[in-house]
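Inspection log for the structure reproduced underneath, given as structure tokens.
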Amino acid sequence: MVTSSFDYFAPTTLDEATSLLSRYRGEAKVLAGGHSLIPMMKLRLAEPGILVDIGQIDGLSYIREDGDGVSIGSMTTYREMATSSVIQSRYPLLADASSKVADLQVRNRGTIGGSLAHSDPAGDIPAVVLAIGGSVVARTRRSSREIAIDRFQVDLLTTALHDNEIITEIKLPSLAAGTGTAYSKFHNPASHYAITGVAAVVTISGGVCTEARVAVTGAGDKATRARRTERILRGKELTPAVIRRAAERAAAEVEDTLNEDIHATAEYRVHMTQVHAVKAIEAAVAAAG
Amino acid sequence: MAVTTFGESVKRTEDPRLITGRGKYVDDIRLSGMAHMAFVRSPYGHANIKNIDTSAALDSPGVIAVFTGADLQEELGGLPVGWMLPDLKQPPHPPLAFETVRYLGDAVAVVVADTAYQATDAAGLVEVDYEVLPAVVNAEAATKDGAPQLHQEAPNNVGFDWEVAGGDYAEAIKDPDVIVVKERIVNQRLIPNSMETRGVVADYDAGKGNITLYTSTQIPHLVKLLFSLVTGWPEQKVRVVAPDVGGGFGSKLYLYAEEVVAGIVARQVKRPVKWIESRSEAYVSTAHGRDHICDAEIAGKKDGEIVGIKVNLYANLGAYLSTFAPLIPTYLFGLMLGGVYKMPNVECKVHGVFTNTTPVDAYRGAGRPEAAYLVERMVSRFAQEIGRDPIAVRRKNMLAAHKNGRAVTTGVMYDSGDYKANLNKALEIFDYPAFRKEQREARREGKLLGVGISTYIEICGMAPSAVASSLGAGAGLWESSNVRLHPTGKATIYIGTSPHGQGHETTMAQLVSSEIGIPIEDVEVLHGDTDQGQFGTGTFGSRSLAVGGAALFNSLQKVKAKTHRLASHLLEADPKFVTFENGTFSVEDIPDKTLTIQEVAGQAYAAANLPPGMEPGLEEVSFFDPQNFAWPNGTHLCVVEIDPDSGQVKVQRYVAVDDFGNVLNPMIVDGMTHGGVAQGIGQALSEQAVYSDDGQLLSGSLMDYALPSADMFPMMELDRTVTPSPSNPIGVKGAGEAGTIAASPAVMNAVIDALAHLGVKHMDMPATSEKVWRAIEDAKEARRAARSAARARG
């Protein structure tokens, strides 16, 4: 397939890029790694008249320890996150999830900013960042704002981002001592997107779970916190029985928007979400060790 | 400079070119003034075309012309069928539909523009007014009363009814000791995915009235013949070139609509035109494979003796008859229902059925994978029913070894084979008792391990032309070769079969080198250009070496005979005392009297001193028509582990022992086996074409059609037995399809074996995670229900 025709801009500064977005507001799409947008354009599911390629802008690809937390430039690729010692040691689930996205070619091109902005219902990164917490920094021509990750994913393929904004950075908070993380995914055998994926960030103190953030992707219309699961985990000693009980509620928040396709019925997605919630939480608890 | 031998793993000489991007595929062909075509295709499974408005497309930038099916109805003719069956219904198959579209992707118009982008954009502007009709996609449902009708020529959508029988199955099952096991076996539809999609460049020479088609095909010579027949274009003015072809798996074995349209459109617009199929387009416009719904019975006794098999098959033909569609589910399926077993009674009925889907034709294995899957699944199903080991049951029923012809119940003659030797060798490599012990221990730990076996046989080396013709073939199935030794002793050989990944350039050159002792580097292999090379039927059915290689071998014998005579003359020796070894002629007992074949070749052209009556030059042609098919066979064993939580199946181990007859290049044969097995595992575990009831293809891209990937395979353990085939002078069988034929039943038998203790008896392919998980859950539920029923009774 070939895309429909479009005008292409490759600005070298953020100011230039955000100006283009303002000028062609509603018509322009931002092109980052291109591994979600280009396939949609080739199938003509997306036919933007203007593409603003932000790949030529210096300074959007970095992993930086800032104060307590870590800041990741929006053009940082999956491959860079998967192989970063900072990410591997501080957010092992992000490194692990990044290493499991599609194949190496995609991981060399696809970016954290692109993944979050696209908000594919089966993307890995939205759930992982949701479980870690933190925020997305978005800029327009005139201003910049920070959007808490819990308010970022709005709906199917829809985020809180305005169409004149570009994600410049993702800020991740420092994780408390005694925190373990894990991401467990069951992938579609064709596309390798998540049929379901569960990200878990669990803090254990004195043998008891003091904080838990669990997020689910693939099962519903967007990456979603499994708050009922989290509530069951908090304040308890995480025995296998408690984990299993908590995991049984992992799909509760997405049950109204369950996906169903030729690869997995809704019922199977719920089941596999529970299975992978157990795996992710158990692994996170073990890592919290 | 190396002289190679028969049986040596010579590295593929075409690979440096192909893997460094220096191959030349259809899309690499760029001709001066070349325009581009894009097809407008039906978005519906079944609809009448009420009107087509091309005006907006014609006004689009760069557009040269737009043609609808009605515009070209006369010039295009109808696509042909290359295999006849008694009472075969042959509804017209227009290359561009003009009244009714019958499947998603049926082409209705073609746009020609300066660039591919302009053509694609303009194709989107062609407005077709459709009246949507009810559709049917399931072959069995299509035969029922009230089903939507595709063609007036085929009432109830039945294209043919065909049957084969041997023995008397009905009589055999009257024996009160005979147990009959019935199962519905579905062999799902598959979508071929060659790395290179199809494509064609048509170059019209207005001065001479000649047309050249560069097309990605397995059958350049048949494309030439069929194109000429369909369009009335004089055959001597048609040239077809298959350049490098990046895979086909059978899907490039037909004359396609786009090839015909390209030739006619090039003449209309008086410019070369190109069309390159996108992957999405390939999914709807290139022939699919398999799609069988089968009611099967196997009958036998408690001691394991099998007395017969009975099959009633609904074979989905798709919307039209593709070139070889009538052959695949009939002869290539029904004749194989005896497997490697005595199988004294066989009864098979096949209903070929039109549906609102992409036409179905040969796909790697073509009929034999469907047959082997059915037979091997049913034999294991029977063993499970009578509580016997599937290997013991196979051994009890297996044919004895034979070297030269063994008639079987379906009426065919197997060539050579030692089926028990394959089985024994495979079991020895595998260590079956150790596995059963491991399996028992694993079950105690709640793990699900299973072993599957398939002891397959297949029919290849197509074919004795007289036999094929009597069964319905529209063309002879021989091959030919031309060996030209140049004055310098270098060789150019012209072969009729052309490769699409098989490595002909290596293996054919290797055969030349090993026969006449010239270095392999001195051999140029030419193929695929109908103006240049020998006529041939093409590359399919694992036939290139068994038929084409045999033709080459025979030409080489003629070269040897002529050079021997000439060398003897030049050496002034009685031919009886002249020997030929390693490319050198010597006279017995006179060590310094020698001539190399290169020197003799030079003399053949110098023609200064030829024996009386010998013509100058050194060029020999042979046509080879085999007396019988070739019949590869073997034993494959597979271990799977199933994750009880997800139902996910992982292949842990794969052992294959195959009898391919003599093996020219073991490395290439191993590679074919690896690829074939991978494709069979893909069918068993992940691949499936899914249509909605109204004819939309739900698995319409690689995002939804699950091709297997490397992480699904263990390192395969390959070994061989050798019973040389008496069907050709080099004793080879065929290796291209065997892996695919053997693997899917081996894997599915392993899946069922892993779940058998839960009460699972059958599952259709693909064994997706959800399907296996449901089988486990259903089995648990059934056991719970049985327990509570027992409690209620007790």
Side-chain angles (χ1 to χ4, degrees), chain A residues 1-6 35-36 38-45 47 49 99-100 102-106 120-122 184-198 218 244 247-248 259-280 282, chain B residues 36 38 60-62 115-121 123-125 191 193 197 276-283 643-649 682 685-692 696-712 766-774 776-777:
Chain A
M1 292 290 280
V2 293
T3 66
S4 53
S5 62
F6 55 88
H35 277 57
S36 299
I38 302 283
M40 287 179 69
M41 289 171 65
K42 285 174 127 183
L43 292 169
R44 301 205 171 189
L45 296 173
E47 298 189 64
S99 77
K100 288 177 179 159
D103 53 32
L104 188 58
Q105 286 80 356
V106 173
D120 192 291
S184 185
K185 162 184 177 179
F186 188 70
H187 68 69
N188 173 323
S191 69
H192 284 220
Y193 274 97
I195 281 180
T196 185
V198 181
R244 204 170 315 117
E248 278 169 14
N259 291 320
E260 185 153 45
D261 58 26
I262 60 173
H263 304 288
T265 59
E267 183 190 3
Y268 186 61
R269 273 198 163 78
V270 168
H271 167 71
M272 291 310 293
T273 302
Q274 295 165 351
V275 167
H276 284 271
V278 170
K279 287 181 199 278
E282 278 181 349
Chain B
H36 296 261
S60 189
T115 70
Y117 283 82
Q118 289 167 337
T120 305
D121 282 343
L125 297 174
I191 299 177
N193 279 269
T197 54
I276 300 295
E277 187 184 52
S278 74
R279 183 67 59 185
S280 313
E281 202 173 16
Y283 268 45
D643 173 28
D645 288 332
S646 64
Q648 194 167 29
V649 179
L685 297 183
S686 65
E687 294 185 43
Q688 59 178 335
V690 183
Y691 277 98
S692 65
Q696 292 297 319
L697 183 62
L698 302 181
S699 55
S701 81
L702 285 164
M703 294 288 280
D704 281 308
Y705 186 82
L707 284 181
S709 51
D711 62 351
M712 285 169 62
T768 60
S769 302
E770 178 163 5
K771 204 185 280 179
V772 175
W773 173 73
R774 282 190 187 280
I776 296 170
E777 294 298 305

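Predicted, not measured: the structure shown is a model, and the values here were computed from it. To find a chain, count down the sequence lines: A is the first, B the second, and so on, and within it residues start at 1. Heavy atoms only: backbone and side chains are in, while hydrogens, waters and symmetry mates are out.
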**Asked** For B/E687, is it the side chain, the backbone, both or neither that has a heavy atom under 4.5 Å from a heavy atom of chain A?
**Response** neither

**Message:** Looking at A/K42, I'd like to know if its NZ atom is crowded, meaning that more than 12 non-hydrogen atoms belonging to other residues, nucleotides or ligands lie closer than 6.0 Å.
**Reply:** no

**Fill in**
Whatever's closer than 4.5 Å to a heavy atom in chain B on A/I195 counts as neither

**Complete:** salt bridge (charged side-chain N to carboxylate O under 4.0 Å, His left out) pairs touching residues 264-275 of chain A, sequence neighbours excluded, are A/D261-A/R269, A/E267-B/R774

**Prompt:** Which one, A/D103, A/V275, A/T265, leads in non-hydrogen pairs under 4.5 Å with chain B?
**Reply:** A/T265

**Prompt:** Taking all atoms of both residues into account, what is the closest heavy-atom pair of A/A190 and B/A706, and its distance?
**Reply:** CB-CA, 3.6 Å

**Item:** Which portion of B/S769 sits near chain A, non-hydrogen atoms under 4.5 angstrom
**Value:** both

**B/E770 portion near chain A, given a 4.5 angstrom heavy-atom threshold** = both

**Complete:** Distance col, row A/H263:NE2 vs B/T768:OG1, nearest 0.5 angstrom, shows 10.0 Å

**Fill in**
So, the part of B/L698 with a heavy atom under 4.5 Å from chain A: the answer is both

**Asked** About how many Å separate NZ of A/K279 and OG of B/S646, when rounded to the nearest 0.5 Å?
**Response** 6.5 Å

**Asked** Can you list the residues that meet the ring-ring contact (aromatic ring centres under 6.0 Å, His included) rule with A/H192, with sequence neighbours excluded?
**Response** A/H187

**Asked** Are side-chain heavy atoms of A/M272 and B/W773 found at a separation under 4.5 Å?
**Response** no

**Message:** For A/T3, is there any backbone N or O sitting under 3.5 Å from a side-chain donor or acceptor partner on B/Y117?
**Reply:** no

**Message:** Between A/H271 and chain B, with a heavy-atom cut-off of 4.5 Å, which part of the residue counts as in contact: side chain, backbone, both or neither?
**Reply:** side chain

**Complete:** Scored by heavy-atom pairs under 4.5 Å with chain A, the best of B/L702, B/I276, B/L707 is B/L702

